[in-house]
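Note that the numbering runs from 1 along the sequence shown for the chain.
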Amino acid sequence: MSEETKALNFIEHIIEEDLANGLAKDKLRFRFPPEPNGYLHIGHTKAIGISFGLGETYNAPVNLRFDDTNPSKEEQEYVDAIKRDIAWLGYQWENELYSSDYFQKLYDWALQMIKDGKAYVDSQTSEAIAEQKGTPTQVGKNSPYRDRSVEENLDLFQRMKAGEFPAGTHILRAKIDMEHPNMLMRDPMMYRIMYAEHHRTGNDWCIYPMYDWTHGESDYIEQISHSLCSLEFKPHRELYNWFKEHVYQYAEGDYPMLPKQREFARLNLSYTIMSKRKLLKLVEEGVVSGWDDPRMPTISGLRRRGYTPNSIRQFIKKVGVAKRENVIDVSLLEFCIREDLNKTANRVMAVLDPVKVVITNYPEGKEEWLDAENNQEDDSAGFRKVPFSREIYIEKEDFKEEAGSKFFRLKLGGEVRLKNAYIIQANDVVKDVDGNITEIHCTYDEDTTKKVKGTLHWVSIKHAIKAEIREYDRLFMHESPDSDKDKDFMEHLNPKSLTLKTGYLEPSLAEAKVGEQFQFQRLGYFNVDDDSTTEHLVFNKTVGLRDSWAKQKPKTQNNPGQNKTKAPQQKRSAISVIQQLGKKYTNVPEAKQEKSKAEIIKLAEEVAYEELEPLFGTAVKKVGTRIATLIALKVLLNKGLERNEAIDEFIAKAKADKNELLVAEASEL
């Protein structure tokens with residue numbers, strides 16, 4: 001291995017080990033295999049970054065393969081959007097491929113599987129098949145059609161392809177083992193009848209291969225060395241291997257290398273929905289304007305909002321590659337775009353909630369064009385000219401008639417500096433009949449060397465240009481909008497996720513082009529929207545200058561002398577409480593053990609398998625934690641979790657232990 005091995009992530013360690021064991025470096029080949037049934041979202045960027053990043057690291061080809069096996073949900077629009085998004089992120093694929101390219105070969109291999117007695121046509125209803133599958137704790141039952149002759153299976157399958165049967169009357173299943181502990185291995189479906197026009201093959205086919213059959217064999221045909229996917233596919237690995245090993249017998253000469261599937265934790269983001277089905281619902285019900293609505297977590301939406309390829313790539317780099325699922329705070333993504341735009345976006349002035357300021361001692365009709373620095377972070381950005389005149393706009397919140405000593409903006413009798421211009425003092429106000437301030441009368445001082453604490457942005461009213469400003473907030477108010485069992489995710493929508501304003505901008509922005517990004521000084525970063533025209537400028541707020549959401553989080557009171565009610569502490573996660581109960585489990589009386597067990601069972605309802613699996617590696621001497629893990633695992637299995645190799649290994653190890661309590665819990669599984 002190289003000297004940098006210590007800094008490698010676990011996938012790179014696997015690759016380095018394979019290379020050390022004889023895999024030729026020129027045999028390395030990766031792929032990114034999206035299903036064209038929706039737009040790519042921020043969650044996909046991790047898989048994109050891993051696969052294409054490995055391609056860059058090892059100078060290996062990366063295929064872009066569309067797993068297009070479900071024509072009822074797939075469209076060319078999605079194919080085009082996916083290609084556009086990946087290219088925008090700065091990645092290049094070696095080959096553009098489609099699973100539909102392999103439909104004939106997959107069909108031929110399926111025929112061979114039938115001839116070898118490894119597949120059969122089942123004519124039961126989907127309900128009957130599901131019932132016979134059993135449960136994680138109960139074995140399945142063989143289909144009454146499982147022992148059909150090879151001749152009958154071949155005849156039926158060929159007639160399925162010919163379109164002789166209605167949809168739902170027959171399916172092709174692999175013949176594996178209906179008592180297998182992994183439910184995915186209980187005679188999985190390989191083909192179903194579907195009369196739907198495919199976006200590439202039209203109506204050439206009326207039977208379509210299932211994902212598990214197609215995906216692994218497509219990897220095999222393309223001679224992918226490492227098939228990388230997210231953790232939910234870990235239970236599928238056994239089936240992935242079963243299929244490829246059988247097909248290897250038919251094609252060893254043409255395709256000598258067997259791919260290796262390995263899984264990583266997918267990207268979960270707070271306040272964000274990652275399900276394409278749910279994102280489609282937002283689009284179809286008009287909650288958002290489309291897949292590229294700037295509130296959407298799609299790559300298209302992020303691009304339109306003003307996110308940059310570099311900010312997203314830096315975000316993925318900071319998130320890293322892990323084996324365990326976790327939720328990343330969306331504020332990290334916002335930090336990355338702030339950090340990037342701070343270096344690249346020119347500073348300009350805009351007022352979004354204006355109040356008129358009249359500088360009474362400035363000559364009427366006079367105007368000046370003052371120098372303004374474009375970006376102090378970029379020495380090459382240079383300067384621009386901004387106009388100054390007797391009447392200007394400032395933000396309403398930047399003025400108070402009376403204010404305390406900690407208010408460093410404009411107040412009656414107080415002075416502030418106008419950015420790139422003069423120092424002004426507020427002397428008087430004009431109000432309407434309702435008492436609202438309509439004008440602030442000030443005087444200016446040409447001596448700009450004076451020290452004043454406040455600096456305000458402004459625009460000259462005479463020269464200001466109008467623009468539509470779209471300010472965005474989180475689309476959901478709940479940190480995990482699709483995790484609430486009692487509410488539909490739509491109930492967590494933020495009714496104030498979009499606010500429309502009229503902004504008054506300095507004239508240098510008159511020629512701003514779609515996609516250009518600016519920092520509106522003291523307000524945030526803004527991007528010229530796709531809807532913008534020279535006659536009607538439209539800006540999207542990308543992100544504020546600071547994390548405004550951090551201020552909304554409850555703060556604990558540190559001063560014991562204060563009588564204010566303390567903000568509630570953040571609730572501990574269920575898995576951490578289970579661990580804590582486990583630590584004490586073997587050191588308490590039997591009655592307390594039963595109480596702890598009941599609590600663990602209740603808490604396990606809130607735990608995901610990805611949180612529990614890391615506890616399988618608990619040290620042997622930590623018996624209590626292992627017992628707690630077994631209790632929680634039983635709950636998950638009863639809820640339908642499919643057993644896999646890791647679960648079986650953990651249970652077997654517990655059964656072989658000397659501790660009677662541990663053995664007893666393991667024996668129940």
**OP:** Kindly confirm or rule out a cation-pi arrangement of R173 over Y120, judged by NZ or CZ under 6.0 Å from the six-membered ring centre and within 45° of its axis?
**Re:** no

Original post:
Side chain of T201, backbone of H198: donor and acceptor closer than 3.5 Å?
Top reply: no

Subject >> Within 6.0 Å of NZ in K278, more than 12 heavy atoms from elsewhere >> reply: yes

**OP:** Say whether, by atom type as modelled, one donor and one acceptor occur between the side chain of Q261 and the main chain of N241 under 3.5 angstrom.
**Re:** no

Subject >> Side-chain donor/acceptor of H492 to backbone N/O of F489, under 3.5 Å >> reply: no

Original post:
Going by the angle between their ring planes, with limits at 30° and 60°, are H215 and Y211 parallel, tilted or perpendicular?
Top reply: parallel

Original post:
Would a distance-only check, ignoring hydrogens and angles, find a side-chain to backbone donor-acceptor pair under 3.5 Å from S483 to S480?
Top reply: yes

Subject >> Set of residues satisfying ring-ring contact (aromatic ring centres under 6.0 Å, His included) with respect to F32, sequence neighbours excluded >> reply: none

Original post:
Is the NZ or CZ atom of K323 both under 6.0 Å from the centre of the six-membered ring of F10 and within 45° of that ring's axis?
Top reply: yes

Original post:
With a 4.5 Å heavy-atom cut-off, do W88 and I299 have their side chains touching?
Top reply: yes

**OP:** Go through the structure and list residues passing side-chain contact (heavy atoms from CB on, under 4.5 Å) with A162, not counting sequence neighbours.
**Re:** E164

**OP:** Determine, using ring centers only, whether Y240 and H236 are less than 6.0 Å apart.
**Re:** no

**OP:** Carefully, step by step, assess R84 and D80 under the rule salt bridge (Lys or Arg N to Asp or Glu O under 4.0 Å).
**Re:** CA-CA 6 Å; R84 183 169 59 247; D80 296 339; over 6 Å; no

**OP:** List in chain and number order the residues that pass side chain to side chain donor-acceptor pair (under 3.5 Å) with R626, two or more places apart in sequence or in another chain; answer none if no residue qualifies.
**Re:** D657

Subject >> Pi-cation contact, Y39 with K276 (under 6.0 Å, within 45°) >> reply: no

Subject >> D26 atom CG, neighbour heavy-atom count above 12 within 6.0 Å >> reply: yes

Subject >> salt bridge (charged side-chain N to carboxylate O under 4.0 Å, His left out) contacts touching residues 30-52 (sequence neighbours left out) >> reply: R31-D219

Subject >> Test side-chain contact (heavy atoms from CB on, under 4.5 Å) applied to S126 - qualifying residues, sequence neighbours left out >> reply: none

**OP:** For the residue pair D187 and H180, confirm or rule out a side-chain donor-acceptor distance under 3.5 Å.
**Re:** no

Subject >> Non-neighbouring partners of K318 that pass side-chain contact (heavy atoms from CB on, under 4.5 Å), sequence neighbours left out >> reply: L332, F335, C336, E339

Subject >> Closest non-hydrogen atom pair, L636 against A608 >> reply: CD2-C, 4.1 Å

Subject >> Enclosure of E668 CD (heavy-atom neighbours >12, cutoff 6.0 Å) >> reply: yes

Original post:
So, do F476 and Y271 have ring centers that fall under 6.0 Å from each other?
Top reply: no

Original post:
Taking atom NZ of K133 as the centre, does the number of heavy atoms from other residues, nucleotides or ligands within less than 6.0 Å exceed 12?
Top reply: yes

Original post:
With sequence neighbours excluded, what pairs up with R295 under the side chain to side chain donor-acceptor pair (under 3.5 Å) test?
Top reply: D293, S497

Subject >> Reported NZ-to-CE distance for the pair K244 and M257, which is rounded to 0.5 angstrom >> reply: 10.0 Å

**OP:** Measure the spacing between NZ of K25 and CG of L19 and express it to the nearest 0.5 Å.
**Re:** 7.5 Å

Subject >> With L269 via side-chain contact (heavy atoms from CB on, under 4.5 Å) - residues at least two apart >> reply: I42, T272, M274, F315, I328, V330, L333

Subject >> Backbone N/O of P34 and side chain of R65: donor-acceptor pair under 3.5 Å >> reply: no

Original post:
Is there a donor in the side chain of E613 and an acceptor in the side chain of Y609, or the other way round, less than 3.5 Å apart?
Top reply: yes

Side-chain donor-acceptor contacts of residues 103-115 below 3.5 Å, not counting sequence neighbours, with atom names and distances?
unit_1: Q104; atom_1: NE2; unit_2: D108; atom_2: OD1; d: 3.0
unit_1: Q112; atom_1: NE2; unit_2: D116; atom_2: OD1; d: 3.4

Subject >> Among D292, D85, T298, side-chain hydrogen bond (donor to acceptor under 3.5 Å, both in side chains) partner for R303 >> reply: D85

**OP:** Report the distance from atom CD1 of I224 to atom CG of L258, rounding to the nearest 0.5 Å.
**Re:** 13.0 Å

Original post:
Going by the angle between their ring planes, with limits at 30° and 60°, are F30 and Y58 parallel, tilted or perpendicular?
Top reply: tilted

Original post:
Do D122 and R148 sit within salt-bridge range, that is, some charged N less than 4.0 Å from a carboxylate O?
Top reply: no

Subject >> Under the side chain to side chain donor-acceptor pair (under 3.5 Å) test, residues paired with R237 that sit two or more places apart >> reply: E263

Subject >> Under 3.5 Å side-chain donor-acceptor pair for Y98 and E96 >> reply: yes

Original post:
Is D155 reaching over with its side chain to a backbone N or O of E151, donor-acceptor style, under 3.5 angstrom?
Top reply: no

**OP:** List for me each residue that meets side chain to side chain donor-acceptor pair (under 3.5 Å) alongside S275, sequence neighbours excluded, and say none if there are none.
**Re:** none

**OP:** Can you establish whether the number of heavy atoms outside K175 located under 6.0 Å from its atom NZ is more than 12?
**Re:** yes

Original post:
Taking only residues two or more places apart in sequence, or in another chain, which ones meet Y248 in a ring-ring contact (aromatic ring centres under 6.0 Å, His included)?
Top reply: none

Original post:
From L89 CG over to R313 CZ, what is the distance, rounded to the nearest 0.5 angstrom?
Top reply: 7.5 Å

**OP:** Determine whether the side chains of N310 and T308 contain a donor N or O and an acceptor N or O closer than 3.5 Å.
**Re:** no

Original post:
Taking atom types as modelled and ignoring hydrogens, do the side chains of E238 and N182 form a donor-acceptor contact shorter than 3.5 angstrom?
Top reply: yes

Original post:
Distance only, no hydrogens: is a donor on one side chain within 3.5 Å (strictly under) of an acceptor on the other, for S143 and Q124?
Top reply: yes

Subject >> Exercise: identify the closest heavy-atom pair between R146 and D177 >> reply: NH2-N, 3.8 Å

Original post:
So does Q158 have more than 12 non-hydrogen atoms from other groups sitting under 6.0 Å from CD?
Top reply: yes

Original post:
So, S218 side chain and T214 main chain: donor-acceptor pair closer than 3.5 Å or not?
Top reply: yes

Original post:
Which distance, rounded to the nearest 0.5 Å, do you find between the CD of E222 and the OG of S227?
Top reply: 10.0 Å

Subject >> Check: S100/R200 side-chain N/O donor and acceptor closer than 3.5 Å >> reply: yes

